[in-house]
Number of protein chains: 2
Amino acid sequence: MSWRRLLTSTPIRLSLGITALTTTSFIAYKYGQSSIISNPPSSLFPLESTTKLSSLPPPKYCPQEEIPSVVKKIEELGISVTNTKPEIEHHTGSEFTTHKPLPNEVPQFIIYPETTEEVSQTLKILNEYKVPVVPFSGGTSLEGHFHSTRSGVVIDTSKMNKVLQIHEDDLDVVVQSGVNWQELNNVLKPYGLMFGTDCGPSGLISGMVGTNASGINASRYGAMSANVISLTVVLPDGTIIKTKQRPRKSSAGYNLTNLFIGSEGTLGIVTEAICKVYPIPKYETVAVVQFPEIEDSTNTVAQVFKSGIQPTAIEFLDGDMMKCLSYSDYTTRKWSEMPTLFFKIGGINKTVVNENIKILKSITSQNNAKLFEFATSDEEKEELFSARKNAFYAMKDYGKNEIHENVSIWVTDIAVPLSKLSKVLGEINQLIKKSSFESIILAHAGDGNFHADLFYKPGERKQVEEIVNQMIKLGISNEGTVSGEHGIGNSKRNFLQLELGDDTINLMRKIKLAIDPNRIMNPDKIFKIDPTDRGEY
Amino acid sequence: MSWRRLLTSTPIRLSLGITALTTTSFIAYKYGQSSIISNPPSSLFPLESTTKLSSLPPPKYCPQEEIPSVVKKIEELGISVTNTKPEIEHHTGSEFTTHKPLPNEVPQFIIYPETTEEVSQTLKILNEYKVPVVPFSGGTSLEGHFHSTRSGVVIDTSKMNKVLQIHEDDLDVVVQSGVNWQELNNVLKPYGLMFGTDCGPSGLISGMVGTNASGINASRYGAMSANVISLTVVLPDGTIIKTKQRPRKSSAGYNLTNLFIGSEGTLGIVTEAICKVYPIPKYETVAVVQFPEIEDSTNTVAQVFKSGIQPTAIEFLDGDMMKCLSYSDYTTRKWSEMPTLFFKIGGINKTVVNENIKILKSITSQNNAKLFEFATSDEEKEELFSARKNAFYAMKDYGKNEIHENVSIWVTDIAVPLSKLSKVLGEINQLIKKSSFESIILAHAGDGNFHADLFYKPGERKQVEEIVNQMIKLGISNEGTVSGEHGIGNSKRNFLQLELGDDTINLMRKIKLAIDPNRIMNPDKIFKIDPTDRGEY
């Protein structure tokens, strides 16, 4: 509705849609200015379903010097607070990523709540004084998720690390969000159960929820969005909500569970989760297949899915990655430098798994496979899959020894529809070969998600970034996403905009502002919330 | 933050969090009243993350008599509009449900857009004039989802019924939202593919998205939330958004896809969907197992899942339901009136399926099974499963002939964790046996979701409703949900509140008001949006 039309409506009609006025208008009223009507800011009458960045006033936060006195109120409640140098450093950046915080992006305090109630008390106070809050989980983020772009406090969930309930017959568990997924697996093992998502070893449930993490086994078990039944969340104003009850299936209102999964801590702090778990496969084997061309491998993956085989994992390693593996000491094998697929296939017994292997072998040979090996014992299985498991370390070894002792690795996270994977990987290979950089490609092929990772030396960051940008644009133009599993953080905001368009981002921003009107929760992540934000990304 | 504290802050600090003022305050300003500061309505400073119903002014809509001239503007754009009596009747209520619209709950016009762009043009106009909009899909809703509680227009999606793309290698399809899922299956069959969700035969994708529908095959393929990759949605103000790109896995920002799935048309109109599809199992059989006690059957289901078997369907029919089946002519078999499980088990070949059947048989005999039959041919499979498929019709036959020619059936939709299923069904049975009503119980046992359906005669509605209310409360008190698959509509709002609590509902309301500030989209569904709404539910 245009502004003009509103003004010419009847008074009663006029009022109907006006559910909110901005800061500006309130100040105008309170302090006697009179310019609101004649020159309305675009957010004055938010009849729109979305919020444009330009319609927002800049957020205003608690002055830096007042934060200590605010945090003192939290400490007085008996909640653990620290600001020692090592703690501050640990919560400022990460060794895993090339995307480093700016010198001023340092938190003032780290808060360690131990219960949902403590998180609620903490957020009530921080919201009241408008202190920026960065949630912190395993600290393995690659995209600047926990950078303190507005220096305030970090809330670290790692002390909320209890497995609360195991429901063997329901195949679910209730956990505090600071539980590490590998530790959860240790607890589940005696029950013959396992967690479906297997991201980096240090990942905690809270961060895995935040980025909708996945990993190797997502081919079968899906990402976190497929593995969480319900969440307990503390909203920015301290309100505690539970998104759902415990049944696996529900049509009870909005799917708030999945709204929080992948929201990167911008909408609240997840304190508990009810997660699905799975029976550990009664029998499992690993098959490794090598192909002359990338296309042969992706055709294989498509045909495997159409055959009805459901591998637990389908991992692609390109020739360069196989070279790194042969170079390293992480596996005893020396591999041909060819495109390679690693399959993990589990089932209810050996007969069933072998039937799968038979069909798999036939598909791969139709697709020109040069090598097909599968494990016939647990030892062989471990040995074969160790190549995939140690890929990251092998890559680091190779880079350090063969490229530069201070080598960096830029990890990308593009996903495309499977049918476009070989074409996109081919074009990316050409892009890289034209440059002076060495690279490896690792893909969760079952999901069309690949990490094309570039080695670069000190001083080469700008050039490598240019190539990465081209790679991402190539992915997006092939119906792809800039992030298959790592999230957006503050390093991929511009690409998210390219991928989804302004209107979709503006809808996300509308939801963000509704739930977090003070914009305190993990500011500047996923999309901009401040019109004066001049961040390149 | 308390009001007092705001008043004693400095002016600049005061302004920071004030991102919205309400209707009331605007009127006060514009028309010279001065009571805002001394007596602020609770929504004046929405620093909260949630919206309480009591904080809202009542919505105001376009006067009834002005709606025809608004709709004329839509018709002038070449968009199909009708208000014939049969069309109005078809879009007013449903034969499927006992929950009927009130006499005044009748739409004025039915609009049939054929493209996303037409939906956008339509909503822009309706939003401008604040005309209530009820989205209409297959019309099979049981919970009053398409009741015109505020008489306005219905937007019927059924003319947007094209299958736009089939990506065989990606196992996905792009469809307009008015596609019927069975017709989609007909299109997919030549490719050896199928859609995962199988609700009632008339269901269209738009409505299935709206209620997060599922059905018999959800045991393996999940509900709609597990089967949609991306949605194209027209927001209430006419903005067109696409929630995601086409890769199956993505961590690209908020999961807007799942925000719209299950939102029952309260946040916008879904016009296109990218859906996952699956290979039709290469071999499939059906097993029917009868048990002396309900508990034996639920123990079986839990052990089947723990064994790693993934049945396509696990359906439970109680003794009463088996009686109706034997009574009807829908199957040739006469069945013992015992708790019965129907398993559909598919796989990559006959060997694999038979291995599953072997393990299944051993589990059932450990759980006191009295009968175990499985199909060895396609004909036997169809014949066995036809019992489950025709259950609803058999039940109607029985009721009509044996209870009353104008018998009604009240269909409930509770889901509980599997481990609580037999206990809850036992208690519900006791509840029903104490009454004079006959009943049947059908359960999607793999999901803990059951339909305990009561037959009642004209004049008995009040009594049967009382029993249903007790059943639902029993479900909720056992960690259950009031809706496993049919949604909330306007018939279960009070139970949703009981299930999830005020704060969770208030968060849903906050999101609703952010996206649909005029409250035009499917008003009064899922939760109340009008403080003067005195609806019992």
Side-chain angles (χ1 to χ4, degrees), chain A residues 1 15-21 23 26-27 29 47-49 60 128 169-170 211-212 235-237 239 241 245-247 249-255 258-259 262 279 302 306 308 348 351-352 355 415 417-419 447-449 479 481 483-485 487 496 503-504 508 510 514-515 517-518 526, chain B residues 1 15-21 23 26-27 29 47-49 60 128 169-170 211-212 235-237 239 241 245-247 249-255 258-259 262 279 302 306 308 348 351-352 355 415 417-419 447-449 479 481 483-485 487 496 503-504 508 510 514-515 517-518 526:
Chain A
M1 180 177 283
S15 70
L16 308 187
I18 306 163
T19 52
L21 295 176
T23 309
F26 178 76
I27 295 170
Y29 171 74
L47 293 173
E48 292 87 15
S49 302
K60 298 253 178 74
E128 182 176 354
D169 281 354
D170 299 319
T211 59
N212 186 26
L235 302 180
D237 70 352
T239 304
I241 63 135
Q245 295 260 65
R246 197 159 63 79
K249 208 178 82 176
S250 164
S251 288
Y254 296 174
N255 189 337
N258 273 301
L259 179 62
K306 278 194 272 184
I348 53 171
T351 309
V352 164
E355 287 294 314
L418 179 57
S419 62
D447 307 311
N449 181 204
E479 298 187 76
T481 173
S483 177
E485 58 182 5
L496 185 70
D503 287 332
T504 303
M508 293 183 193
K510 183 91 179 195
I515 299 177
N518 286 333
I526 308 183
Chain B
M1 181 180 280
S15 71
L16 308 186
I18 305 164
T19 53
L21 295 176
T23 308
F26 178 76
I27 297 172
Y29 170 72
L47 294 173
E48 293 86 14
S49 303
K60 298 254 177 74
E128 182 176 352
D169 281 355
D170 299 319
T211 59
N212 186 27
L235 302 180
D237 70 352
T239 305
I241 64 136
Q245 295 261 65
R246 199 160 61 80
K249 209 178 81 175
S250 165
S251 287
Y254 295 173
N255 188 338
N258 273 300
L259 179 62
K306 277 194 272 184
I348 53 172
T351 310
V352 164
E355 286 294 315
L418 179 57
S419 62
D447 307 312
N449 180 203
E479 297 187 77
T481 173
S483 179
E485 57 183 6
L496 186 69
D503 287 332
T504 302
M508 294 184 193
K510 183 92 178 193
I515 299 176
N518 286 334
I526 306 182

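So that the names make sense, note that chain A is the first sequence line, chain B the second, and so on, each numbered from 1. Values in this document were obtained by computation on a predicted structure and should not be read as measured data. Scope of the values below: all heavy atoms of this structure, side chains included, with no hydrogens, waters or symmetry mates.
- Shortest non-hydrogen contact noted between A/Glu479 and B/Gln245 is O-CB, 3.4 Å.
- Taking every heavy atom of both residues into account, A/Gly484 and B/Lys249 meet most closely at O-CE, 3.4 Å.
- Looking at A/Ser250, both its backbone and its side chain come within 4.5 Å of chain B, counting heavy atoms on both sides.
- In this structure, the portions of A/Ile348 lying under 4.5 Å from any heavy atom of chain B include both its backbone and its side chain.
- Heavy atoms closer than 4.5 Å to chain A are found in both the backbone and the side chain of B/Thr481.
- No donor-acceptor distance shorter than 3.5 angstrom exists from the side chain of B/Ser419 to the backbone of A/Asp169, with no hydrogens or angles considered.
- For the residue pair A/Val352 and B/Val352, the shortest heavy atom distance occurs at CG1-CG1, 4.1 Å.
- Of the listed residues (A/Gly448, A/Pro417, A/Ala415, A/Gly262), the one with the most heavy-atom contacts under 4.5 Å to chain B is A/Pro417.
- Here A/Ser49 contributes atom OG and B/Asn518 contributes atom CG; the two are 8.5 Å apart, rounded to the nearest 0.5 Å.
- With a threshold of 4.5 angstrom between heavy atoms, A/Thr504 approaches chain B through its backbone and through its side chain.
- Every residue meeting the salt bridge (Lys or Arg N to Asp or Glu O under 4.0 Å) condition with B/Asp170, not counting sequence neighbours, appears here in chain and number order: B/Arg246.
- Proximity to chain B (any heavy atom under 4.5 Å) is shown, for A/Leu235, by both the backbone and the side chain.
- One finds the OG atom of B/Ser251 at 11.0 Å from the CG atom of A/Leu496 (value rounded to the nearest 0.5 Å).
- How far CG of B/Leu259 is from CE of A/Met508: 10.5 Å, rounded to the nearest 0.5 Å.
- For chain A, the nearby part of B/Ile526 is the side chain; its heavy atoms alone come within less than 4.5 Å.
- In this structure A/Glu355 satisfies the salt bridge (Lys or Arg N to Asp or Glu O under 4.0 Å) test together with A/Lys358, sequence neighbours excluded.
- Heavy atoms of A/Asn449 lying under 4.5 Å from chain B belong exclusively to its side chain.
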